[in-house]
S.K.: 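Structure in C-alpha cells, see below.
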Amino acid sequence: MTVQQIQPVIPAQGRRFRAYSAKHLDQLTARAGLSEAERLTVRAVATVLPFRTNDYVLESLIDWSAAPDDPIYRLVFPQADMLPPEDVAPIAALLTRGASEQELQAAAHAVRLRLNPHPAGQLALNVPEFGDEPLPGVQHKYPETALIFPRQGQTCHAYCTYCFRWAQFVGEPDLKMATDDMARVVSYLTAHPEITSVLITGGDPMIMGTSVLRRYVEPLLALEQLESIRIGTKSLSYWPQRYVSDPDACDALRLFEEVVESGKTLALMAHFTHPRELEPALVATAIGRIRDAGGVIRTQAPLIRTINDDASTWSAMWRTQLRLGVVPYYMFVERDTGPQGYFAVPLVRAAEIYRDAYSSVSGLCRTVRGPSMSATPGKVCVDGVADVAGQRVFVLHMIQARDPALVGRPFFAQYDPDAVWLSDLKPAFADRFPFESVQEGARPMARRGPHLVAAAD
Ligand SMILES: *Cc1c(COP(=O)(O)O)cnc(C)c1O
Ligand code: SF4
C-alpha cells in the first residue's frame, strides 16, 4: 500500500474513545450481577489498584452473560478477593462512611507499599547515565535494545488487572519514569552504536495521538545503527479503532510506512491475553492495515491464573494469530508485584501449559518462547522439569541476560512445586546460579533486593 492509498475505513465504527474509571465501577459491577457487598469490596480494591476501561472493551469484548467469570471481565475488572481481606475491609469501611479522598488515598497508599510497587528497582538499575547525568525515561538493560518511555504514553486504553506497571497508574510518583527529551535520547543512542533496536513502551505509546507519537519516532529514522523500532502496545486488543477509524489512524499508518521506508523494521509488540480479544472483525481489519503499511506484529502476554491458565487457550490464541499473520513471540510469567499472589501460576504448571500448547501448534507458531521470567539478571526461561542423576530439577536457560555470555546456557534449580518466581528457586548441582557472582552466591536471591524490570508489553 502506498501512502496515498491509506484511507479511513468503516467510518460507521468510528466511535470516539471514552474511558470509564472507578467512579463508574458500581454501575458496571451491578451489570455483572455482583451483590451490594461485593461491589463495595471491588470499589475498595480499585482504591488501591488502577481501574480503567472503555466502551469497546465493555460492548465488544466482555461476555456479560458469563461475567463475573468471563476472562475478559477478569482481565479489566478488579476482583473482590485480589487483595488480602485485612487490607480491603478498612478501606471498604472508609468508603461506607464517606471518608475524604485524602483519607482514602492514605489508606490505599499504605496497602500499595506492601505490594512491591517497584519490582526490580527499575529506576536505579536500568536507567543509563549520559554525560554524568541519569537519562530518565530510558532503560538500557541488554546491549542491543533500549527502551523509551514517552512522557505522554504512560497510560493505556484500558488497564489489565494484573499489570506489573500498576503503581504508575495510581500516581505513586517515583515510578513515573518518562522522557520527552528526544534530543538527549538520540545523543545517547548515537554514543551507543551497539543499540540496534529501540522499544517504545509505556503504559501504551499508542494512546498518544499520531502527531505526538511522531515526535518520538521521527528523530530515530536517521539513525543508521537502528535495525528496528518496536512499539509495545495493547491497543489492538483494547482499541483497534486506533488503526482503522480514529481521526489520526491513517497518519499512524503513514508513520509506520516511513519507518519501513527508512530501512528499518517497524514491529508492534502486541499484548494479547486471551483468544477472545482477536475475535472482533475490527481487529483483523486493524492488523491488515498495519501489515499493509509494512509493519510486523509480534505477540506476547503473561500467563495468568483464572484468565488464560490452560494450554488450549494459548494454542487457540497462537493459531488465530498465525491465521491473522501475526507472530507469537513471548509467554511471560506473572511478575512479583501487585496482586501476584492472586494471579501466579506455579512454574512447574507454567512449563506444562507452555509445552502442551506448543506441542499442539504448527511450526509456524513455534516462534514463541517461554515461559519467561523478566527478572534481575535477565529473561529466564523455564524449560521444564527433569530427573538428572537421581534428582528432580528445573531446567532453565536465559533468553536475555545483562551478561550476553550467559544467554542460551542451560542451568538447573531444585525442584519446588510451589515456586512461582526466580526468587523462590535454589540452584541444583551448584552453589550459585550462573548469573550470581561468587560473593553474591552466598546469599539467596530473595534477600538481595528488588528484581529487575523488563517490558512485558
Ligand atoms: C524483553 C526486554 C527487551 C527486549 O528483548 P528481546 O528478547 O529482544 O525481545 C529489552 N529490554 C528489556 C528491559 C526487556 O525486558
Ligand atoms: S499490562 Fe500493559 S496494557 Fe495492561 S495496563 Fe499494564 S501497561 Fe497497560
Side-chain angles (χ1 to χ4, degrees), residues 19 49-54 57 72 75-76 78 119-123 125-128 138-149 153-170 175 177-178 195-207 227-239 242 265 267-274 277 298-302 304 307 327-335 337-339 343 367-370 372-381 398-402 404 407-408 451-457:
L49 299 171
F51 169 72
R52 179 178 161 97
T53 189
N54 67 64
V57 173
I72 309 295
L75 171 62
V76 293
Q122 42 190 353
L123 289 172
L125 271 160
N126 289 326
V127 172
V138 173
Q139 289 182 10
H140 188 192
K141 180 171 176 180
Y142 308 126
E144 71 283 359
T145 306
L147 272 50
I148 301 177
F149 295 76
Q154 299 310 307
T155 181
C156 308
H157 293 98
Y159 291 147
C160 313
T161 40
Y162 56 71
C163 179
F164 73 97
R165 298 224 168 100
W166 61 276
Q168 78 187 56
F169 303 138
V170 286
L175 261 193
M177 33 160 198
I195 299 174
T196 55
S197 184
V198 160
L199 172 50
I200 303 174
T201 184
D204 193 326
M206 295 310 297
I207 198 82
E227 297 158 1
S228 63
I229 296 174
R230 312 190 224 181
I231 300 175
T233 184
K234 199 166 172 64
S235 55
L236 275 168
S237 162
Y238 283 158
W239 192 251
R242 182 68 187 83
T265 283
L268 288 199
M269 310 308 288
H271 174 184
F272 286 109
T273 315
H274 192 278
E277 294 162 276
R298 290 180 174 249
T299 65
Q300 52 194 26
I304 301 293
I307 296 181
V327 184
Y329 190 59
Y330 271 131
M331 176 200 275
F332 290 116
V333 176
E334 171 68 349
R335 298 170 63 132
T337 179
F343 289 122
T367 45
V368 71
R369 279 99 37 91
S372 169
M373 292 179 273
S374 293
T376 309
K379 284 188 171 69
V380 178
C381 185
M398 300 197 73
I399 297 173
Q400 276 287 8
R402 278 171 185 288
V407 171
H451 308 290
L452 266 210
V453 76
D457 51 6

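Atoms within each ligand, like the ligands themselves, are counted from 1 in listed order.
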S.K.: Would a distance-only check, ignoring hydrogens and angles, find a side-chain to backbone donor-acceptor pair under 3.5 Å from Asn54 to Tyr238?
M.R.: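 Yes; at least one donor-acceptor contact below 3.5 Å.
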
S.K.: Under 4.0 Å, heavy-atom basis, I'd like to know which part of Leu199 is in contact with ligand 1: side chain, backbone, both or neither.
M.R.: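 Leu199 to ligand 1: no contact under 4.0 Å from either part.
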
S.K.: Please identify each residue that fulfils salt bridge (charged side-chain N to carboxylate O under 4.0 Å, His left out) with Arg242, with sequence neighbours left out.
M.R.: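 Here the qualifying residues are Asp248.
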
S.K.: If the contact criterion is a heavy-atom separation under 4.0 Å, does Gly202 count as touching ligand 2?
M.R.: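 Gly202: no contact with ligand 2 (<4.0 Å).
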
S.K.: Take every heavy atom of Arg230, measure it against each atom of ligand 1, and state whether any distance is under 4.0 Å.
M.R.: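 True for this residue.
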
S.K.: Do the non-hydrogen side-chain atoms of Met398 and Pro377 ever get within less than 4.5 Å of each other?
M.R.: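 A side-chain contact under 4.5 Å exists here.
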
S.K.: With heavy-atom distances below 4.0 Å as the criterion, list the atoms of ligand 2 near His271.
M.R.: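 Listed by number with element: 1 (S), 2 (Fe).
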
S.K.: If I take every N, O or S atom of Cys156, is at least one of them less than 2.8 Å from atom 4 (Fe) of ligand 2?
M.R.: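 Under 2.8 Å: Cys156 has no N, O or S contact with atom 4 (Fe) of ligand 2.
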
S.K.: Check whether any N or O atom of Lys379, backbone or side chain, sits under 3.5 Å from an N or O atom of ligand 1, and answer yes or no.
M.R.: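 Yes, since at least one N or O of Lys379 sits under 3.5 Å from an N or O of ligand 1.
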
S.K.: Rounded at 0.5 Å granularity, tell me how far CZ in Arg165 sits from CZ in Phe149.
M.R.: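 So the CZ of Arg165 and the CZ of Phe149 are separated by 4.0 Å.
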
S.K.: Which of the atoms in ligand 2, numbered in the order shown and given with their element, are less than 4.0 Å from a heavy-atom of Lys234?
M.R.: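 The atoms of ligand 2 under 4.0 Å from a heavy atom of Lys234 are 3 (S).
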
S.K.: Quick check on contacts: which atoms of ligand 1 are under 4.0 angstrom from a heavy atom of Leu147?
M.R.: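 Near Leu147, meaning under 4.0 Å from one of its heavy atoms, ligand 1 has 10 (C), 11 (N), 12 (C), 13 (C).
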
S.K.: Any side-chain donor-acceptor pair under 3.5 Å between Ser197 and Arg230?
M.R.: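 Yes, side-chain donor-acceptor contact under 3.5 Å.
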
S.K.: Please identify each residue that fulfils ring-ring contact (aromatic ring centres under 6.0 Å, His included) with Tyr159, with sequence neighbours left out.
M.R.: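 For Tyr159, the residues satisfying ring-ring contact (aromatic ring centres under 6.0 Å, His included) (neighbours in sequence not counted) are Phe169.
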
S.K.: Can you name the atoms of ligand 1, numbered from 1 with element, that are less than 4.0 Å from a heavy atom of Thr145?
M.R.: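 Per the distance check, 10 (C).
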
S.K.: Using 30° and 60° as the class boundaries, would you call the ring planes of Tyr162 and His271 parallel, tilted or perpendicular?
M.R.: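 Because their plane-to-plane angle lies in the 30° to 60° range, the rings of Tyr162 and His271 count as tilted.
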
S.K.: Given Tyr330, Tyr142, Phe332, identify the one with the heavy atom nearest to atom 7 (O) of ligand 1.
M.R.: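 Residue with the shortest heavy-atom distance to the ligand atom: Tyr330.
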
S.K.: Mark up the atoms of ligand 2 that fall under 4.0 Å of a heavy atom belonging to Tyr159, in ascending order.
M.R.: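 Those atoms are 5 (S).
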
S.K.: Can you name the atoms of ligand 1, numbered from 1 with element, that are less than 4.0 Å from a heavy atom of Tyr329?
M.R.: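 Listed by number with element: 6 (P), 7 (O), 8 (O), 9 (O).
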
S.K.: Any donor-acceptor pair under 3.5 Å linking the side chain of Arg52 with the backbone of Ala19?
M.R.: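 No, Arg52 side chain to Ala19 backbone: no donor-acceptor pair under 3.5 Å.
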
S.K.: Record the part of Arg165 in heavy-atom contact with ligand 2 below 4.0 Å; permitted values are side chain, backbone, both and neither.
M.R.: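 It is neither part, as no heavy atom is under 4.0 Å.
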
S.K.: Any sub-3.5 Å donor-acceptor pair from Thr299's side-chain atoms to Ala270's backbone N or O?
M.R.: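 Side chain of Thr299 to backbone of Ala270: no pair is present.
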
S.K.: Can you sort out which atoms of ligand 2 are near Cys160, meaning under 4.0 Å from one of its heavy atoms?
M.R.: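 In order of numbering, the contacting atoms are 1 (S), 3 (S), 4 (Fe), 5 (S).
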
